[in-house]
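Computed from a predicted structure; not experimentally measured.
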Amino acid sequence: MFKINDLLQVAINKNASDLHLIAGYNPTIRISGKLYPINEFPLLSHEMIFSMIEEILTPEQKVIFATNKEFDFSHKIENWRFRVNIYTQQGTAAADFRLIPKNIKTIDELFLPSICHKFAEINQGLVLIVGPTGHGKTTTIASIIQEINTKHTKNILTIEDPVEYVFPKGLSLVSQREVTWDTLSWNKALKSALREDPDVVLVGEMRDYETIAASLTIAETGHLVFATLHTNSAAQTIDRIVDVFPSDQQSQIRLQLSNVLEAIVSIRLIPSLEGGRVPACEILTATGAVRSTIREGKTHLIDNVIQTSAEYSMVSLEKYLAGLISQSKVSFDEAKRWVLRPQELERYMEAKTVVKM
């Protein structure tokens, strides 16, 4: 009988991003966005998965999983860390293990847009990294936080569920709090954050009314806040934040958001012609026009503002992808799969657009 660490070692050796365990299937890994079954291991049963999960759970974690039917935590094998989500489906145990790279890559090593360096120099405000699951939001924020850690003397506080990248000792102080083990809830941790004298706060995910409201308040009180959201664009992100509040509060929230927002980066990892994946971004920076648009509730104008504000480092996803195509980093057909407005991509290609990353 094989153990869970045997499967995790395969994921490590093949440089996979995820390992999936689902009853009735072979263990499956994701490499550069594509799924591959590990055929040298047998089809999994509920009993096999449950036994492997139990190997790595503490008694307290077993109680949480039995009670909630799902649970997030981290697991370590030698020097490798995994973010783990265990859950039930069709009455059977299932799990996803997300491999966290050992070293935090720099902004340049990740081929992120150069404006990300500027985010590490901001003293206060809100920077949002958004996009689908598995497209590098956490990795992007980690690279920016690590640049702060190596260049500045700041007090950095992270609130995560679970802790993913562990930041090495640098010039800054870093406290990393994991929900359930270091704090009972997101809400309690965020309320306590202002008493912990932070300069920079990382909110692993703005997921509901409480976390969004607290994140805005922390940014409004003179701190630099980084957070993620599962949205597809800058305009959608603004609408998501506002819409989570009751209608009688939305005018105030638009005002608050317009005052604290510094940037929104929407990111996709696109299969590269050279192998692996390369980031493509939509970038919104908080100019006077953007702040006014948010205050007035005219988010339908955000896309137009982005398209006409290149001098402020703004760029649409379509224009960014056109630049990647022109540099032979991604194919046109692959890029077209990821855009919301294919005709815009075609227009930029006809104009032979090159975007300085």
Colleague: Spell out, as yes or no, whether a donor-acceptor pair under 3.5 Å connects the side chain of N149 to the backbone of I145.
Modeller: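 It does not hold such a pair.
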Colleague: Which heavy atom of A142 sits nearest a heavy atom of I104, and at what distance?
Modeller: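 Where A142 meets I104 most closely, the heavy atoms are O-CG2, 3.6 Å.
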Colleague: Does K76 NZ have over 12 foreign heavy atoms under 6.0 Å away?
Modeller: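 No, not enclosed.
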Colleague: If only atom types and distance count, is the side chain of Q124 paired as donor or acceptor with the main-chain N or O of A219 below 3.5 Å?
Modeller: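 No, Q124 side chain to A219 backbone: no donor-acceptor pair under 3.5 Å.
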Colleague: Test side chain to side chain donor-acceptor pair (under 3.5 Å) on Y165 and T139 and set out the steps.
Modeller: CA-CA 8 Å; Y165 288 95; T139 301; 2.8 Å; yes
Colleague: Using a 3.5 Å distance criterion without hydrogens, assess whether the side chain of R268 forms a donor-acceptor pair with backbone atoms of N232.
Modeller: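 Yes; at least one donor-acceptor contact below 3.5 Å.
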Colleague: Please answer: with hydrophobic residues joined when any side-chain heavy atoms are less than 4.5 Å apart, are L284 and Y348 in the same cluster?
Modeller: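 L284 does not cluster with Y348.
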Colleague: Assess whether side chain to side chain contact (heavy atoms under 4.5 Å, CB included) is satisfied between I53 and E55, documenting all intermediate values.
Modeller: CA-CA 5 Å; I53 289 173; E55 288 178 29; over 6 Å; no
Colleague: Please confirm whether the ring centroid of W80 lies under 6.0 Å from the ring centroid of H75.
Modeller: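 Ring-ring flag for W80/H75: false, centres at least 6.0 Å apart.
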Colleague: With distance as the sole criterion, is a donor-acceptor pair present between the side chains of E147 and T150 under 3.5 Å?
Modeller: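 Side-chain D/A pair, E147 to T150: absent.
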Colleague: Evaluate whether atom OH of Y312 has more than 12 neighbouring non-hydrogen atoms of other residues, nucleotides or ligands under 6.0 angstrom away.
Modeller: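 Not buried by this count: 12 neighbours or fewer within 6.0 Å.
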Colleague: Could you please spell out the steps behind the side chain to side chain contact (heavy atoms under 4.5 Å, CB included) verdict for I22 and L44?
Modeller: CA-CA 7 Å; I22 299 176; L44 298 171; over 6 Å; no
Colleague: List the atom of K137, the atom of G134, and the distance in Å for their closest heavy-atom pair.
Modeller: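 Closest approach of K137 to G134, heavy atoms only: NZ-N, 4.5 Å.
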Colleague: Could you check whether any side-chain heavy atom of S215 comes within less than 4.5 Å of a side-chain heavy atom of M206, counting everything from C-beta outward?
Modeller: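 Heavy-atom side-chain distance check passes, below 4.5 Å.
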Colleague: For side chain to side chain donor-acceptor pair (under 3.5 Å), just list the numbers for N155 and D199, CA-CA rounded to whole Å, side-chain angles, deciding distance to a tenth of an Å, and then say yes or no.
Modeller: CA-CA 5 Å; N155 186 13; D199 299 296; 5.6 Å; no
Colleague: Does any non-hydrogen side-chain atom of I212 lie less than 4.5 Å from one of I253?
Modeller: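 With C-beta onward as the side chain, the pair stays apart.
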Colleague: With a 4.5 Å limit on heavy-atom distance, are the side chains of P42 and N26 in contact?
Modeller: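 Not in contact.
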Colleague: I'd like to know if I283 and I144 are part of one continuous hydrophobic network [Ile/Leu/Val/Met/Phe/Trp/Tyr, side-chain heavy atoms within less than 4.5 Å].
Modeller: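 Yes, I144 connects to I283 through the hydrophobic network.
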Colleague: Please evaluate residues E344 and R347 with respect to the criterion salt bridge (charged side-chain N to carboxylate O under 4.0 Å, His left out), reporting the C-alpha separation (whole Å), side-chain torsions for both, the decisive distance (0.1 Å), and the verdict.
Modeller: CA-CA 5 Å; E344 284 295 304; R347 183 172 67 83; 2.8 Å; yes
Colleague: Considering all heavy atoms of both residues, which atom of A234 and which atom of I306 are nearest to each other, and what is their separation?
Modeller: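 Smallest interatomic distance, heavy atoms only, reads CB-CD1, 4.2 Å.
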Colleague: Does L190 belong to the same Ile/Leu/Val/Met/Phe/Trp/Tyr cluster as V174, with side-chain heavy atoms less than 4.5 Å apart forming each link?
Modeller: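 No, separate clusters.
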Colleague: Check the angle between the aromatic planes of F71 and F73 and answer parallel, tilted or perpendicular using the 30° and 60° thresholds.
Modeller: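 Geometry flag for F73 against F71: parallel rings.
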Colleague: Taking the side chain from R291 and the backbone from L261, do they hold a donor-acceptor pair closer than 3.5 Å?
Modeller: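 At least one qualifying donor-acceptor pair exists.
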Colleague: Does any part of the side chain of T158, heavy atoms only, come nearer than 4.5 Å to the side chain of R177, both counted from C-beta?
Modeller: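 They are not in contact (no side-chain heavy atoms under 4.5 Å apart), so the answer is no.
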Colleague: Do any N or O atoms from the side chain of E109 and from the backbone of T106 form a donor-acceptor pair under 3.5 angstrom?
Modeller: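 Checked: pair present.
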Colleague: For A289, does its backbone N or O pair with a side-chain atom of S292 as donor and acceptor, under 3.5 Å?
Modeller: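 Absent.
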Colleague: Counting N and O atoms only, with roles assigned by atom type, does the side chain of Q61 sit under 3.5 Å from a partner on the main chain of T58, one being a donor and the other an acceptor?
Modeller: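 Indeed, once roles are kept as given, a pair shorter than 3.5 Å links the two residues.
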Colleague: Decide side chain to side chain donor-acceptor pair (under 3.5 Å) for H223 and N123; before the verdict, give the C-alpha distance in whole Å, the side-chain angles of both, and the deciding distance to 0.1 Å.
Modeller: CA-CA 7 Å; H223 305 83; N123 287 319; over 6 Å; no
Colleague: Is it true that E282 and K319 have a side-chain N and a carboxylate O under 4.0 angstrom from each other?
Modeller: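 No, this pair does not count.
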Colleague: May I ask you to test the D18-L35 pair for a side-chain heavy-atom distance under 4.5 Å?
Modeller: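 A side-chain contact is absent here, since even the closest heavy-atom pair is not under 4.5 Å.
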Colleague: Where do V163 and E178 come nearest, in terms of heavy atoms and distance?
Modeller: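 That closest heavy-atom pairing would be N-OE1, 3.1 Å.
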Colleague: Measuring from atom CD1 of I12 to atom CD1 of I29, what distance do you get when rounded to the nearest 0.5 angstrom?
Modeller: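 Here the rounded value is 11.5 Å.
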Colleague: Do R81 and V166 have side-chain heavy atoms sitting under 4.5 Å apart?
Modeller: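 Yes, at least one pair of side-chain atoms sits under 4.5 Å.
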Colleague: Can you tell me if T88 uses its side chain to pair, donor with acceptor, with the backbone of G91 under 3.5 Å?
Modeller: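 Such a contact is absent between T88 side chain and G91 backbone.
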Colleague: Step by step, would you call L321 with L345 a side chain to side chain contact (heavy atoms under 4.5 Å, CB included)?
Modeller: CA-CA 7 Å; L321 279 166; L345 177 62; 4.1 Å; yes
Colleague: Look at the side chain of S172 and the backbone N and O of K154, then say whether any donor-acceptor pair between them is shorter than 3.5 Å.
Modeller: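 Yes.
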Colleague: Are V244 and V260 in one and the same hydrophobic cluster, where Ile, Leu, Val, Met, Phe, Trp and Tyr link if side-chain heavy atoms are under 4.5 Å apart?
Modeller: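 Same hydrophobic cluster.
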Colleague: Do F119 and E121 touch side chain to side chain, with heavy atoms closer than 4.5 Å?
Modeller: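 No, side chains not in contact.
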Colleague: Quick one: are L21 and I4 in side-chain contact, heavy atoms under 4.5 Å?
Modeller: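 Yes, close enough: below the 4.5 Å cut-off.
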Colleague: Donor-acceptor pair, H230 side chain versus P132 backbone, under 3.5 Å?
Modeller: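 The answer is no, because no donor-acceptor pair under 3.5 Å joins these two groups.
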Colleague: Is there a side chain to side chain donor-acceptor pair (under 3.5 Å) between Q9 and N13 once you walk through the steps?
Modeller: CA-CA 6 Å; Q9 192 62 57; N13 293 343; 3.1 Å; yes
